[in-house]
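Just below is one structure, and these are the notes that go with it.
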Amino acid sequence: MSLRTKNMALVVALCLFAAAPHVGVYPIFALKLLCFALFAASFNLLIGYTGLLSFGHAAFFGGAAYATGYAMKAWQLPTELGIAFGVAAGTLLGAVVGALAIRRKGIYFAMVTLALAQMFYFVCLQAPFTGGEDGLQGVPRGRLLGLLDMRPDVAAYYAVGAIVLAAFWLIARIVDSPFGRLLVAVRENEPRAVSLGYDVDRLKLLAFVLSAALAGLAGSLKTVVLGFATLTDVAWMMSGSVVLMTLVGGMGTLAGPFVGAFVVVLLENRLGEAGDWLAGATGVRAFAEIGQSITTVIGLVFILCVMLFRRGLVGELARLLPERTSRTSLPGPAGPGASVPEHR
Amino acid sequence: MTLFGLPMAALAGQLLLGVVNGAFYATLSLGLAIIFGLLNVINFAHGAFFMLGAMAAWMGQAYLGMGYWTALLCVPLAVAAVGMLVERLLLQRLYGLDHLYGLLLTLGLTLVMEGVLRSLYGVSGLPYSPPASLARAVDLGFMVLPLYRAWVIAASLAACLFTWAVIEKTRLGSYMRAATENTPLVRAFGVNVPMMITLTYGFGVGLAGFAGVLAAPVMQVSPLMGQQIIVTVFAVVVIGGMGSILGAIVTGLALGLVEAMVKVYYPEAANTAVFAIMALVLLLRPAGLFGKEN
Amino acid sequence: MNTGTTPPALQLSGLHAWYGEAQVLHGIDLELAPGQVAALLGRNGAGRTTTLRAILGLVGRRGSIRIDGVETSACPTHRIAHHGIGYCPEERGIFASLDCEENLLLPPAVGAGRRGRKGRNGRNGDAGRGRHDGSDGSGGSGPAGMSLDEIYALFPNLRERRASPGTRLSGGEQQMLAIARVLRTGAHILLLDEISEGLAPVIVQALARLIDTLKRKGYTILMVEQNFRFAAPLADRFFVMEQGRIVDRFESGALASRAETLAGMLAV
């Protein structure tokens, strides 16, 4: 895809974004989508470009969600400070988890992140300021920069949208930078990077912390938008969801997380209806039952994607488009992919 | 008499529970380690197969009037069969790819297994009683020993030691150890490694199913059983390191005991004790206590 | 080349091979009569090891591979050995988690003479429970697979080290072990990859005597060798490879006249 096409696509996307609330898209849905798209993008930075599978990203998302919620509800901080506090919390958690997890390689890394995130879940379950099973409710939206009242959904939509877009732009810049290219190099051939003299552990940790910070931003925004933070935000199912979003959308692509988040959020919100509709259309009652079970459907989608559909929606789409005329500066949608030689 | 501020009988009782949990941790982490060694796949579905074993035992009793001992024999075989089907149809196609995909597939499987059983049976615990022959307790003087729990420990240890013996002492075991080190060469020698891999996966999850049947009378039988235990088992595996079979067994038992002790004296931290230890081990000995990983 | 009724022990026609996306062999034609010893010469990277691996199905391949006249190019790897192939890889492949004797007993019996009972379905090739002690050598057309005692008679130092972990053996002992274990299986076609590499001259001489003994017993041997002086007195036939193709082939009689051009082709 030439640079011109890409820029045009970007402009179209921006127009769609600006117009959305005025053409009947439900703002809360769009806001939720924005937050999760950012969450997925932060995860994608880690898996798609650095090749690290973190199975506990919910800790950063949820941790920041709680932090922002508490800051804005108990301390009455203005919106921008509340968000900043949440991001700081996510970053700090990221640094701690990252420092511990980096000590193991490959698949152990994923297990360690999962276990540490689970530990954090239990901490959140029992800590006094999180509200336990009920969570933090009634978090105010506040005023952004003392100017913008965030309570009207449309205002919140544009504000959050701008922040998320800025974050996506930041990710694109990171991916495009020498640092980003180093990450891809580490993913493709770590021993080579080490032999070239790079401190690979530090690079990975840096990528991890960045990813955690962005996940934290997503969590903070989610609290501001939806007004609550609960245990669901730190549960491993949330970590699993973000993995799915990235897989469905396409690992290692820039648009993938957005598409994946869209599909998964839509699925989670509309599953019951879809199941009922399918049951009605086909006369098979089982569909209605399955529609009640998000877990089962998500599991099936996972299996389908892994077996048949590894490149994700954006990845498959990119394959169908005509060849790029030149190797652009962005790394290809390579993610751990079908033609990677076996390492045993 | 009291020990560390607790009456002896109560303390012993708690420790026994810890050893029972430890026995489950040992059996499950052993199965995980075997599967990982040969297939290079982290079997996220291990907890789900554990749960399947317990649920199958319950279903056998509820629908077929199947007794405990029959279940103990048949259910692990059935679970192993399911596992082999999964390996043949799904996992086998992922071997050339990044490890990530095996983990994601087994994650998807976990969700499907849990989701289906959940929609059928809900999340509350289903009752399953221990067999009559073991449903009593023996007074040992310093504590009262429930026979069933002693059986769980004995059976688990026996299963683990049997597995260890097969792997370390038999010809089949030597094929497995060799294939773990250098799969292509073992295939080149004419050993049917793909079949061995299928059998290994089946055996690993069959072991989990066996643990599930053992667990049915002592834990809440519910579709959520696997979820609750798998993350702890992961932590156990990280602590022990996956290089050594005896290491997995010892670590599992030890951590069950530690968890029990923490529960007695500092209950709020009971859930997180194992993870805290994992964090400590990662700081001090990243390869794991018995790890041979380079 | 062969006189009609007995098919060649090994016959490669138009063999192409790939590592992933990279093509390494570009159409290899090669033939070995039963009982012949051939040396595969060439520089590093010429594709010699890949040729052996292609025979075993360890790399992507296309073309015809016939073992004793039977087409095996579509066989999965674990069936190929049962046609009577024994493989000594370049890195020796001694397993660290097995002791010396376990290493020795590992490869299952593949003797050609047993084809009716064992070779085809491979059942005796795997899940045995420790009852196979190698006394089931193959009868039939090829040389018999040696029993454990015969192996230890031929390699006494392996008996001494039988309980040591495989990788604690010296380089020479490991090489002996690698050869011994395929001799035990009853294989009658041996694929040897750089067996003299990195070994002391005394050991190399012992290896040469061993290969000579095997040759006289009727084994068919295809060996990849960098060490020309090791291969020259042993081989009946020579193939020279370069960049995935065979660029020269000749019998041992023509060796002297080829010496100079050969030196040029093999010079690093």
Side-chain angles (χ1 to χ4, degrees), chain B residues 33-34 36-38 40 80 84 88 92-93 95-98 162-203 241-248 290-294, chain C residues 20 52-53 55-59 75-99 101-111 118-119 121-133 165-167 178 181-182 184-187 191:
Chain B
I34 294 175
F36 181 72
L38 198 53
N40 241 324
M84 290 200 274
R88 264 284 126 121
Q92 219 174 47
R93 295 166 210 272
Y95 289 146
L97 308 174
D98 196 284
F162 170 74
T163 307
W164 173 85
V166 167
I167 292 183
E168 292 294 324
K169 299 290 178 195
T170 66
R171 175 88 166 232
L172 174 64
S174 68
Y175 286 144
M176 283 178 62
R177 278 176 285 137
T180 303
E181 257 186 76
N182 189 343
T183 311
L185 185 57
V186 176
R187 273 167 49 217
F189 282 146
V191 176
N192 191 344
V193 174
M195 164 106 82
M196 203 165 75
I197 289 184
T198 308
L199 288 172
T200 301
Y201 189 77
F203 182 75
M242 288 218 251
S244 147
I245 294 186
L246 282 179
F290 300 90
K292 285 191 245 156
E293 196 202 357
N294 41 355
Chain C
L52 297 188
R53 292 164 67 86
I55 296 174
L56 289 163
L58 292 174
V59 293
C75 279
T77 303
H78 62 270
R79 292 236 194 279
I80 293 183
H82 292 273
H83 290 269
I85 306 259
Y87 177 46
C88 290
E90 190 176 355
E91 64 280 5
R92 299 191 191 122
I94 302 301
F95 298 101
S97 43
L98 272 58
D99 64 35
E101 185 155 297
E102 280 179 310
N103 264 288
L104 190 52
L105 295 175
L106 184 83
V110 298
K118 282 193 187 179
N121 62 11
R123 275 206 58 137
N124 280 325
D126 42 22
R129 275 291 178 114
R131 279 185 299 264
H132 297 267
D133 59 358
T167 39
R181 67 184 172 184
V182 298
R184 201 194 63 80
T185 64
L191 304 177

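Proteins get letters first, then strands, A, B, ... in listed order; numbering begins at 1 in each.
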Quiz prompt | Contact origin within C:I80 toward chain B - heavy atom pairs under 4.5 Å | solution = neither

Practice problem: Flag the one option from C:G86, C:A96, C:G57 with the top tally of heavy-atom pairs under 4.5 Å to chain B. | Solution: C:A96

Self-check item: Distance-only donor-acceptor check, side chains B:E181 and C:S97, under 3.5 Å
Solution: yes

Quiz prompt | Whether B:F162 and B:F203 hold their rings parallel, tilted or perpendicular, with breakpoints at 30° and 60° | solution = tilted

Practice problem: Please test B:L246 against B:F290 for side-chain contact (heavy atoms from CB on, under 4.5 Å), starting from the C-alpha separation and ending with a verdict. | Solution: CA-CA 9 Å; B:L246 282 179; B:F290 300 90; over 6 Å; no

Practice problem: Could you walk me through whether B:R177 and C:E102 pass the side-chain contact (heavy atoms from CB on, under 4.5 Å) test, one step at a time? | Solution: CA-CA 11 Å; B:R177 278 176 285 137; C:E102 280 179 310; 2.7 Å; yes

Practice problem: Side chain from CB out, backbone as N, CA, C, O: work out which of these in C:R53 comes under 4.5 Å of a heavy atom of chain B, or both, or neither. | Solution: neither

Practice problem: Check whether C:I94 gets within reach of chain B through its side chain, its backbone, both or neither, counting any heavy atom under 4.5 Å. | Solution: backbone

